Amino acid sequence: MIESLLAAKTAEAIRLLYGQEIPAESINIEKTRKEIPGDYTLVVFPFLKISRKSPLETATAIGAFLKDEIPYIAKFEIINGFLNIFLSDEFWISFLQKEATEAHFGMTAEKGEVPVLIEYSSPNTNKPLHLGHIRNNLLGFSLARILQANGEKVFKLNLVNDRGIHICKSMLAYERWGLNETPETSGMKSDHLIGKYYVLFNKKFKEEVKALVHQGIKEEDAEKQAPMMLEAQEILRKWEDHDQETHALWQKMNNWAYEGFDQTYARLGISFDKIQHESDTYLSGKSIVMKGLEEGHLQSKPDGSVWADLRDEGLDEKLLLRSDGTSVYMTQDLGTAELRFNEFHPSRMIYVVGNEQNYHFDVLKRILKKLGKPWAENIFHLSYGMVELPEGKMKSREGTVVDADDLMDEMYQTAEETTRELGKVNDFTEEEATTLFNQIGLGALKYFILRVDPRKNMLFDPKESIDFNGNTGPFIQYTHARIRSLLRKAHESNRWTEQEMTGDVNRELSFIAPGAQEKQLLKILYRFPESVKEAGITYSPAIIANYVYELAKSFNQFYQEVPVLKEEKPELVSLRLLLSFATAEVIRKCMNLLGIDVPERM
RNA sequence: GGCCUGGUAGCUCAGUUGGAUAGAGCAACAGCCUUCUAAGCUGUGGGUCGAGGGUUCGAAUCCCCCCCAGGUCACCA
């Protein structure tokens with residue numbers, strides 16, 4: 001990286017010129033602002049106290065030193081206290097030829113055997129996936145790819161919440177009103193069938209509560225006393241007692257849910273390395289809690305309940321075992337965390353979970369530390385914001401959710417309409433067209449969600465969100481398709497070889513000064529590896545999304561203003577083809593990190 | 001009420017290890033297709049970066065205080 005070289009040499013300059021040691025890491029080399037000529041900028045104000053000279057004198061001295069020491073520097077200019085450094089054309093040409101067109105440019109090969117665990121998705125089996133899950137799934141999947149690109153060995157986990165009172169509610173409604181309906185007889189997607197009964201439960205339950213309230217019972221109490229709630233709790237007890245009939249129904253309905261989820265995952269294009277079920281892990285936390293109690297890290301109360309006391313850390317007490325000895329959510333997570341640690345010995349465990357659970361994960365870490373687990377430090381909660389609709393929050397009970405499958409259908413339809421209107425698929429086969437509509441529809445959806453900083457809440461307006469112009473997925477896909485088309489044309493006219501078409505590019509360039517447009521693109525391409533790194537450090541696919549938009553936009557400007565195949569000088573044609581190729585490759589890689597396909601034509 | 005996030009153009013979002021005149025897209029308006037894909041490009045208008053104070057050569061960015069919005073503080077998950 002040229003920045004670190006510049007920083008190191010600047011430190012050296014200050015040592016030799018002014019006799020003061022400054023760590024190179026503390027020196028900030030910035031990219032020169034777009035409107036100002038130059039490639040990199042050193043702000044000299046911080047050094048004035050050391051140099052005891054004017055900004056101009058200080059910048060001149062440092063600039064001269066750098067230019068002598070670093071052959072890549074062509075010249076420098078000083079504006080106020082800003083030392084603007086110009087890299088030579090040779091530097092940029094060499095970068096394009098040697099690095100940017102390399103197959104592994106920006107990608108780090110897997111470095112070790114110690115995995116990073118990423119848990120994401122983690123659906124409940126009582127209802128189909130909705131928009132909130134989509135954000136979760138896309139973030140988790142993209143993050144996995146980003147960490148892989150940073151050389152990490154990644155293990156993707158999905159912990160399915162397949163037990164508990166909420167599942168019993170669907171089961172109860174199905175038993176009572178289901179008439180043995182199946183996905184086949186109903187013609188419904190299997191997870192939607194389950195969702196139907198969950199909604200039905202809530203509807204009937206509400207009626208019961210209303211009736212009780214009418215009799216003069218307080219709403220809070222009515223909710224606890226309602227016969228349906230009591231019955232659902234009874235089903236849960238039977239389930240925990242391994243009642244055969246209950247388990248059979250539970251199994252049957254859960255399988256429907258899985259079947260539906262698998263279809264949705266496949267369509268979304270995401271996957272997991274391992275699926276864990278809460279029904280298998282939910283008991284595992286109990287033993288650590290008991291051990292913690294014996295060792296005096298946890299406390300029991302007279303009624304037999306067990307608590308972690310976090311009051312000295314500014315938090316409250318946290319229940320870990322109920323008075324009847326059963327475990328709560330936190331207990332399960334303690335157990336699951338230890339199971340995972342023992343199985344994988346990961347360097348980090350990342351949980352992709354919504355920000356409404358910030359407190360939960362804060363407490364989880366603190367309790368694990370209290371229990372003497374040193375690896376608690378390696379737990380990271382990737383806390384993402386909620387997706388809001390124009391009307392406000394989504395509520396699954398009130399049917400105000402945006403269903404994942406419906407949304408993908410809509411995206412597909414809009415993609416198809418728009419694409420047909422533009423006449424883009426006139427010479428496509430039906431199969432090719434279908435693939436393209438999927439790519440565009442999903443590309444728009446995924447990009448729309450991933451370009452926003454994960455931790456922020458975001459607004460999803462169904463009408464405005466399905467846009468294919470401007471800062472959108474299809475815009476970037478289109479840029480890629482444009483370049484590929486250019487390369488195909490170049491191939492037809494024998495200016496891009498068969499071998500190069502396969503991505504194996506190793507072309508010697510004669511030194512030609514890149515123009516302003518070319519240089520602008522080269523500078524953005526040069527930043528690709530650092531963007532990947534930064535996205536990995538901050539766990540933020542949004543960094544990649546915003547980077548690739550900037551790249552695509554810059555390419556379109558270049559494409560508009562500079563001829564490639566119509567250029568007369570063969571050396572320039574060669575340079576521009578190489579630049580276009582490198583851009584397409586980086587676009588493809590970025591989109592791949594986001595889990596988005598790029599078409600060859602559109 | 002305590003704790004945690006966030007507040008940037010009409011709308012959706014970038015930019016926050018302190019740097020030069022705060023950027024994109026959408027929406028509005030005006031241009032550019034006999035020339036490599038117009039899902040594109042160019043231009044115009046639009047901002048007290050929630051308010052106020054402080055730190056310094058320099059603050060959207062750091063500190064303090066206040067306002068607003070969301071989340072959370074269950075023997076729910």
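A note on names: the letters A, B, ... follow the listed sequences, proteins ahead of strands, and every chain is numbered from 1. This is a predicted model, so every value here is computed, not measured.
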task: Compare the minimum distances between each of B/A77, B/U37, B/A24 and the side chain of A/R601, then state the nucleotide with the smallest one.
output: B/U37
- request: Determine: side-chain N/O of A/K489 to OP1/OP2 of B/U37, distance under 4.0 Å, yes or no.
  value: yes
statement: Sorted by chain and residue number, the salt bridge (charged side-chain N to carboxylate O under 4.0 Å, His left out) partners of A/E234 (sequence neighbours excluded) come out as A/R237
message: Suppose we call two aromatic rings close when their centres sit under 6.0 Å apart. Are A/F468 and A/F475 close by that rule?
response: no
task: Examine A/F47 together with A/Y18 and report whether their ring centres are nearer than 6.0 Å.
output: no
Phosphate OP1/OP2 of B/U37 contacted by A/S485 side-chain N/O (<4.0 Å): yes
- prompt: Considering heavy-atom distances to RNA chain B, does A/N469 or A/I36 have its closest nucleotide positioned more toward the 5' end?
  reply: A/I36
query: Going by modelled atom types, is there a donor-acceptor pair between the base of B/A77 and the side chain of A/D333 at under 3.5 Å?
result: no
- line: Judged by whether its glycosidic angle lies within 90° of 0, B/C73 is anti
query: Out of B/C75, B/A77, B/G71, which has the shortest distance to the side chain of A/H166?
result: B/A77
- prompt: Side chain of A/N161: nearest nucleotide among B/A20, B/A77, B/C75?
  reply: B/A77
task: Could you tell me whether the side chains of A/N136 and A/Y384 share a donor-acceptor contact shorter than 3.5 Å?
output: yes
message: Among residues at least two apart in sequence or on other chains, which ones pass ring-ring contact (aromatic ring centres under 6.0 Å, His included) with A/Y412?
response: A/F437
message: Could you check whether the side chain of A/T419 and the base of B/A39 have a donor-acceptor pair of N or O atoms closer than 3.5 Å, going by distance alone?
response: yes
Please list, pair by pair, any protein nitrogen or oxygen found under 3.5 Å from a nitrogen or oxygen in nucleotides 5-12 of chain B.
{"unit_1": "B/G6", "atom_1": "OP1", "unit_2": "A/R455", "atom_2": "NH1", "d": "2.3"}

- prompt: If you check every side-chain atom of A/K49, which of B/C57, B/C75, B/A20 has the closest atom?
  reply: B/C57
message: Any donor-acceptor pair, under 3.5 Å, between the side chain of A/T41 and the base of B/A20, if you only look at N and O atoms?
response: yes
message: Please pick, from B/G25, B/U35, B/U42, the nucleotide with the shortest atom-to-atom distance to any side-chain atom of A/K566.
response: B/U35
query: In terms of side-chain heavy atoms of A/Q557, which of B/G19, B/A20, B/C41 is nearest?
result: B/C41
task: Let me know, please, whether A/Q332 or A/R33 comes out on the 5' side of the other along RNA chain B by nearest nucleotide.
output: A/R33
- request: Counting heavy atoms from C-beta on, name the nucleotide in B/A39, B/C75, B/U37 closest to the side chain of A/L422.
  value: B/A39
task: Can you figure out which of B/A20, B/A38, B/A39 approaches the side chain of A/Y559 most closely?
output: B/A38
message: Does B/C76 have its OP1 or OP2 closer than 4.0 Å to a side-chain nitrogen or oxygen of A/R322?
response: yes
task: Check whether any side-chain N or O of A/K553 sits under 4.0 Å from OP1 or OP2 of B/A24, and answer yes or no.
output: no
- prompt: Expressed as a whole number of Å, how far does the C1' atom of B/A69 sit from that of B/A27?
  reply: 25 Å
message: In this structure, is the centre-to-centre distance between the rings of A/F201 and A/Y198 below 6.0 Å?
response: no
- line: Regarding the side chain of A/Y329, the nearest nucleotide among B/C36, B/A77, B/U37 is B/A77
- prompt: So, for A/A584 and A/I483, which heavy atoms are closest and what is the spacing to 0.1 Å?
  reply: CB-CG2, 3.6 Å
query: Which nucleotide, B/C75, B/A39, B/U42, lies nearest any side-chain atom of A/Y478?
result: B/A39
message: Please determine whether a side-chain nitrogen of the Lys or Arg among A/R322 and A/D303 lies less than 4.0 Å from a carboxylate oxygen of the Asp or Glu.
response: no
